[in-house]
Asker: 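My questions all concern the structure below.
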Amino acid sequence: MANSSNHYVAPLDETPLAEVDSVNISAQASNLWLDAWRDMRGRPMFYISGFIIILVALVALFPGWFTQVPPNNDCLLVNSNGAPITGHPLGFTKQGCDVYSRIIHGTSTSLSVGIIVTILTAGLGVLFGAFAGFYGRWLDAILSRVGDIFFAIPYILAAVVIMSVFSSYRNIIIISLAIGLFAWPSTARVLRAEILRVKNADFVMASTAIGVSRFKILMRHVLPNSIAPVIVITTLSLAAAIVAEATLSFLGVGLPTSFMSWGNDISQAQSDLRNAPQTLIYPSLALTITALSFIMMGEVIRNALDPKARARR
Amino acid sequence: MSIATPTSAVTPGSGARSAITPLLEIRGLKVEFSTQRDSVTAVDGIDLTLMPGQTLAIVGESGSGKSTLAHSIINLLPGTGAITAGSILFDGQDLTTISEKELQGIRGRDIGFVPQDPMSNLNPVWSVGFQVEESVRANGVAVGRKEIRAKAIEVLRKAGLDDADARMRQFPHQFSGGMRQRVLIGMALSASPKLLIADEPTSALDVTVQRTILDYLDSLTRDSGTAVVLITHDLGLAAERAEQLVVMYRGKVVEAGPSLEILRNPLHPYTQRLVAAAPSLASRRLTAAAKGVESTLTSPVVAVPATAAAFDLAAIADRPRAGIAENTALQNNALADNAIVVDGLTKVYSIRGRGFKTVPFTAVDNVSFSIARGTTMALVGESGSGKSTVAKMLLGLEKLTSGRIEIDGADTGELSPKELFNLRRRMQPVFQDPYGSLDPLRNIENTIAEPLDTHRVGTKAERRKRVYELLDQVSLPRAIATRYPNELSGGQRQRVAVARALALKPAIVILDEAVSALDVLVQAQILQLLHELQTELSLTYLFITHDLAVVRVIADNVAVMNKGRIVEAATTSEVFENPKQEYTKRLLDAIPGANIRLGA
């Protein structure tokens with residue numbers, strides 16, 4: 001075939017030609033979220049943390065499924081700081097109440113605070129971050145400075161002050177507001193940075209040239225493409241909020257003792273740490289495991305959404 | 001695979017040399033990348049031979065394995081890639097078996113490497129001088145601070161930088177792309193290696209810069225007798241710069257031999273496709289034909305099997321122009337039937353100067369042109385010439401500083417927002433980056449239907465019907481309507497972008513570097529598609545590009561921009577055959593392959 005001794009041509013049967021740029025219809029559907037979902041399902045950590053989160057949610061919603069012992073009524077001082085006995089697997093508190101039952105019934109408080117704070121921080125963060133990043137100019141200047149002011153105040157300190165001021169109105173809503181109102185700026189900052197990146201994409205220019213309004217572009221194209229890191233932060237902040245509630249309760253500026261919460265139990269157990277460690281350890285364990293599973297879930301989502309992390313695995 | 005040596009390098013008149021052992025001999029090389037589940041073979045049984053002092057070009061599309069081949073020679077493969085079979089004999093030493101430490105000694109000292117992207121391959125936090133000195137020291141070219149510094153200055157001076165002394169203290173951001181690439185080439189050659197591997201050394205640069213860089217590379221390697229492996233996607237460039245050519249396709253060598261021989265007489269169907277689709281060569285063929293030269297090349301090209309995939313660009317360019325007399329002068333601003341009239345268009349940006357002051361910067365300077373309905377005008381220029389700014393102003397994405405734009409006889413400056421919104425129906429853009437211009441989270445149907453949706457055209461069912469119609473028009477299967485952009489290749493995405501642009505049945509399409517990011521074969525397909533759509537729907541195109549070779553194929557008229565001004569505007573054949581301006585001549589001259597005499 002070669003007409004010159006040093007002109008090499010591969011045999012055709014070894015190098016079959018494909019159609020230029022043919023479409024592979026049979027391939028799996030794929031975009032960022034589908035890929036992330038597929039990736040998550042291949043990680044054991046996703047199942048472990050997912051299981052714990054669902055379990056915690058069930059405990060919060062239906063405490064009756066997990067214990068028949070009333071957490072407050074049947075307390076007998078005879079049992080004060082008592083060791084575990086049949087029917088009371090984790091022993092008794094100083095007041096003679098069942099530790100296990102108190103943990104089960106305190107779950108809903110901790111989780112509600114976590115969820116309300118998360119909704120609050122995500123909502124405020126997305127609102128401020130999206131508008132500041134997308135519209136820029138003076139709006140960005142104003143919104144970002146407002147964010148900076150809140151960012152400069154440590155949210156635990158701010159919450160302590162607010163809870164002290166509203167000492168007679170302490171309830172789940174107030175404590176959630178106290179934490180959430182000062183925790184949103186980090187979400188806003190992350191989203192703003194992401195939006196600044198996405199809004200310069202060519203597909204935004206293409207939509208502008210089509211005549212799509214600015215607001216629609218933000219909602220339809222820019223926000224969905226920049227929301228991924230916010231979801232990661234949100235999962236992590238849920239854990240942080242649960243811990244924050246416990247911290248405030250521990251410091252004595254959280255929920256009043258009439259509310260059952262892990263933080264309150266830990267706070268009340270601290271004086272008896274040496275003679276009745278179970279009263280401190282078990283609520284702390286519940287807190288740690290719950291917080292950890294949300295953090296692990298956040299980590300799994302982050303790895304799934306980050307193509308670079310996916311390639312490294 | 002036992003086959004004849006692809007390239008046995010004997011240049012006529014150097015018969016004695018053939019007795020010398022080859023500098024580089026690759027036998028049955030196989031490189032695989034392991035992914036999560038399986039492995040992908042990127043290089044599949046490659047053989048090649050390179051003689052000392054010779055230049056060999058490896059040509060292929062993206063994904064053909066050409067860069068992987070180059071990287072595997074000095075084992076710069078990323079973590080997931082590994083050589084699984086074959087040998088690489090360099091100067092009698094098998095590089096696949098030696099230790100990492102021995103290889104480090106060979107890298108830089110015996111084999112130099114010029115990376116693709118000059119923008120990211122110099123560390124921005126260190127001065128250029130520091131980095132050159134570093135490589136001089138690492139290669140052991142000089143010892144002692146003074147000698148190293150002297151050698152580094154010499155490297156920069158050889159790299160063609162004036163006042164190399166002062167340049168040593170500067171940082172990469174103070175260098176232009178071309179200068180950085182010269183520095184990198186200088187660094188690669190500082191130890192006078194026997195072999196230089198250049199991986200797409202000029203793909204990120206303007207054509208005129210590309211030409212000077214390659215000339216410089218040529219002269220340096222010729223002086224020192226360095227052999228060069230040049231990786232490129234550009235067949236014209238490869239043929240111009242290398243005596244030996246290796247064409248790669250899907251990890252395999254499909255054709256190898258002397259460059260001109262392959263260009264004149266491509267034997268493998270894939271090479272035939274490539275030669276037919278290369279715009280730089282197409283324009284060469286056209287000029288040859290116009291001058292009445294009996295081209296020996298045309299015969300094998302015509303003989304390309306008429307598969308749906310094989311396009312001959314020369315055929316598109318030779319088409320009868322849509323009834324427009326070629327001598328319709330651009331200056332003829334008669335209102336007759338112009339789709340676009342631009343008059344005195346100027347854009348001044350204020351950029352930050354010293355302190356709190358701003359400095360005006362004129363990106364577009366008093367630009368005037370008009371485009372007759374149903375024709376294509378190409379706006380050509382190098383990066384920074386202001387051509388994309390013109391497009392953005394036309395599309396209403398940037399405000400004009402001064403001047404006038406008339407679309408279909410209506411001055412856009414005087415239109416109300418409502419009228420402007422309606423104007424968008426008649427004028428649509430297609431952007432350069434097929435990976436960036438489609439929203440990755442919206443499926444193809446939603447993407448194509450967005451203009452219909454925004455302008456409230458038809459019912460939901462009618463819109464879907466129109467989407468299918470458009471997919472047919474751009475030759476994509478209807479099944480991809482529910483798919484997402486990252487499942488498609490660059491060319492397919494660009495088809496989707498074209499479909500979106502056509503959704504509202506516009507009269508004018510502005511193509512901003514719409515084919516620049518695509519492989520030649522895909523580029524030829526898209527150009528063919530654009531041409532067919534133009535004749536079918538009588539569209540007016542404004543074709544913005546840096547690639548003069550493509551212009552020849554698609555445009556009726558050309559306006560050449562330089563530093564914000566139009567320096568030359570005429571019909572395409574006038575500009576190509578009889579360029580008036582020095583700048584235009586330089587641009588034309590810099591088209592890779594422009595100097596190859598194919599029809600001997």
Side-chain angles (χ1 to χ4, degrees), chain A residues 1-12 14-36 38-39 42 197-198 200-213 216-217 220-228 307 310-313, chain B residues 1 3-10 36 249-250 252-258 261-262 265 267-270 273 307-309 395-397 421 424-425 428-429 431-433 436-442 450-451 454-455 476-477 479-480 482-484 486-489 491-492 497 500 521-522 525:
Chain A
M1 191 168 175
N3 59 351
S4 150
S5 59
N6 54 8
H7 186 163
Y8 164 81
V9 181
L12 245 186
E14 277 180 32
T15 50
L17 276 191
E19 190 96 334
V20 174
D21 217 18
S22 53
V23 186
N24 182 4
I25 298 284
S26 58
Q28 258 181 323
S30 119
N31 67 31
L32 180 73
W33 299 108
L34 289 173
D35 287 350
R38 233 171 266 142
D39 180 83
R197 184 183 66 82
V198 174
N200 289 320
D202 272 359
F203 61 78
V204 172
M205 215 195 321
S207 293
T208 313
I210 285 166
V212 184
S213 71
K216 251 194 185 155
I217 288 178
R220 198 187 278 169
H221 298 293
V222 179
L223 206 50
N225 277 293
S226 33
I227 207 75
R310 221 181 295 155
R312 268 200 303 272
R313 200 156 63 108
Chain B
M1 214 167 94
I3 36 167
T5 311
T7 56
S8 69
V10 191
Q36 278 176 39
Y249 175 63
R250 297 189 161 193
K252 288 188 166 137
V253 171
V254 293
E255 195 158 350
E261 162 81 24
I262 289 185
N265 189 16
L267 295 175
H268 195 280
Y270 178 72
R273 270 189 196 172
T307 58
L395 289 165
L397 299 174
F421 179 73
R424 296 204 187 275
R425 297 182 66 151
Q428 282 291 307
F431 294 108
Q432 168 172 19
D433 178 10
S437 60
L438 305 178
D439 185 340
L441 292 180
R442 292 175 68 77
E450 186 169 33
T454 305
H455 291 264
L476 284 173
I480 72 157
T482 56
R483 297 314 185 106
Y484 291 88
N486 63 348
E487 298 167 53
L488 306 180
S489 72
Q492 290 157 3
R500 173 175 60 187
L521 291 180
V522 180
Q525 269 189 344

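All values reported here derive from a predicted model rather than from experimental measurement. In what follows, chains are A, B, ... by sequence order, proteins preceding strands, each numbered from 1.
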Asker: Side chain, backbone, both or neither: which part of L441(B) has a non-hydrogen atom closer than 4.5 Å to chain A?
Answerer: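 Looking at L441(B), backbone and side chain both touch chain A.
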Asker: Roughly how far apart are M205(A) CE and L395(B) CG, rounded to 0.5 Å?
Answerer: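 Spacing of CE (M205(A)) from CG (L395(B)) equals 9.0 Å.
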Asker: Find out whether I210(A) and R424(B) are in side-chain contact, i.e. whether some heavy atom of one side chain is under 4.5 Å from a heavy atom of the other.
Answerer: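 Counting from C-beta outward, I210(A) and R424(B) never come under 4.5 Å.
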Asker: Which atoms of P451(B) come close to chain A, meaning under 4.5 Å heavy atom to heavy atom: side chain ones, backbone ones, both, or neither?
Answerer: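 The answer is both parts of P451(B).
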Asker: With a 4.5 angstrom heavy-atom cut-off, is it the side chain or the backbone of S437(B) that approaches chain A, or both, or neither?
Answerer: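 The answer is both parts of S437(B).
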Asker: As an exercise: rank I262(B), D439(B), L397(B), L438(B) by heavy-atom pairs under 4.5 Å with chain A and give me the winner.
Answerer: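 Between I262(B), D439(B), L397(B), L438(B), the count favours D439(B).
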Asker: Does any backbone or side-chain atom of F421(B) lie under 4.5 Å from a heavy atom of chain A? Answer side chain, backbone, both or neither.
Answerer: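 Contact with chain A: side chain only.
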Asker: By a 4.5 Å heavy-atom criterion (distance strictly below it), what part of R500(B) contacts chain A: side chain, backbone, both, or neither?
Answerer: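 For R500(B), side-chain heavy atoms alone lie under 4.5 Å from chain A.
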Asker: Using a 3.5 Å distance criterion without hydrogens, assess whether the side chain of H268(B) forms a donor-acceptor pair with backbone atoms of Y8(A).
Answerer: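 Answer holds: no.
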Asker: Counting heavy-atom pairs under 4.5 Å to chain B, which of N225(A), V212(A), V198(A) comes out on top?
Answerer: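 Sorted descending by pairs with chain B, the first entry is N225(A).
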